[in-house]
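We use all heavy atoms of the structure for the numbers below, so side chains are in, but hydrogens, waters and symmetry mates are not.
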Amino acid sequence: MIYQLDQCRFPTQGVLGGGTGARASITVHRGGLESWASGADLPQAEVISGFAYSESGAPAPSEDEPGTEFRNSKGAGKPFAAGDVIAVHLPGGGGYGDPAERDPEALRKDIRDGLVTPGADGW
């Protein structure tokens, strides 16, 4: 399998005061298919593309965390095996406009629907 993913290191920028979008990543749960099929917890994720803790390979929130590294999918060369569960997280678009200036009812609905997270980007 060949894989390549952009926007893992630098998220899409917002405009006119909008926040940044989510970063992309690829993770693999080695041998996790049976766990996934039975509804059990998956084995620890290994980052193929994105920010990872250097020692464990587990996902890290950003490069600002101590002991992290950036893994680039374009040169990873990491094979997948039968029974692995692969998660591809696509990048999110940047925001448009200052969230503090939004209609409070529209913002409440977006929070309810899981489209935005309270407190994200300082609002």
Side-chain angles (χ1 to χ4, degrees):
M1 172 183 228
I2 296 174
Y3 47 88
Q4 181 173 319
L5 194 59
D6 288 325
Q7 292 176 291
C8 293
R9 177 171 245 161
F10 303 107
T12 305
Q13 298 299 300
V15 295
L16 301 174
T20 58
R23 287 184 176 100
S25 68
I26 299 172
T27 57
V28 60
H29 302 269
R30 302 277 182 201
L33 184 58
E34 287 186 33
S35 296
W36 176 81
S38 69
D41 290 338
L42 289 169
Q44 175 66 47
E46 173 192 347
V47 174
I48 301 299
S49 184
F51 292 101
Y53 289 104
S54 302
E55 293 287 319
S56 66
S62 74
E63 63 189 338
D64 297 331
E65 287 286 313
T68 62
E69 65 185 11
F70 177 73
R71 295 182 175 182
N72 187 341
S73 68
K74 295 174 185 173
K78 299 260 185 169
F80 300 127
D84 288 348
V85 174
I86 302 159
V88 177
H89 303 269
L90 299 175
Y96 178 85
D98 184 346
E101 296 177 9
R102 290 201 53 211
D103 172 48
E105 181 60 21
L107 183 57
R108 186 190 68 73
K109 288 178 182 177
D110 283 350
I111 291 170
R112 179 199 65 205
D113 295 340
L115 299 174
V116 295
T117 303
D121 291 323
W123 57 272

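Under the 4.5 Å side-chain heavy-atom criterion for ILVMFWY residues, a single connected hydrophobic cluster contains both L33 and L42. No single ILVMFWY cluster, assembled from side-chain heavy atoms under 4.5 Å apart, contains both W36 and V28.
Closest approach of G31 to D84, counting heavy atoms only: N-OD1, 2.8 Å. What you find for N72 and S49 is that their closest heavy atoms are C-OG, 4.3 Å. Between P43 and H29, the closest heavy-atom pair is O-ND1, 2.6 Å. Across G57 and A52, no two heavy atoms sit closer than the pair O-CB, 3.8 Å. A pairwise comparison of heavy atoms in P61 and Y53 identifies CD-OH, 3.6 Å as the closest pair.
Counting heavy atoms of neighbouring residues, nucleotides and ligands inside a 6.0 Å radius, atom CD of E105 exceeds 12 of them.
Within the structure, salt bridge (charged side-chain N to carboxylate O under 4.0 Å, His left out) contacts touching residues 35-50 (residues at least two apart or in different chains) are R30-E46, E46-K78.
To the nearest 0.5 Å, atoms CG (L90) and CZ (R23) are separated by 15.5 Å.
A donor-acceptor pair under 3.5 Å is formed between the side chain of S54 and the backbone N or O of G67.
Under the salt bridge (Lys or Arg N to Asp or Glu O under 4.0 Å) criterion, E69 pairs with R71, sequence neighbours left out.
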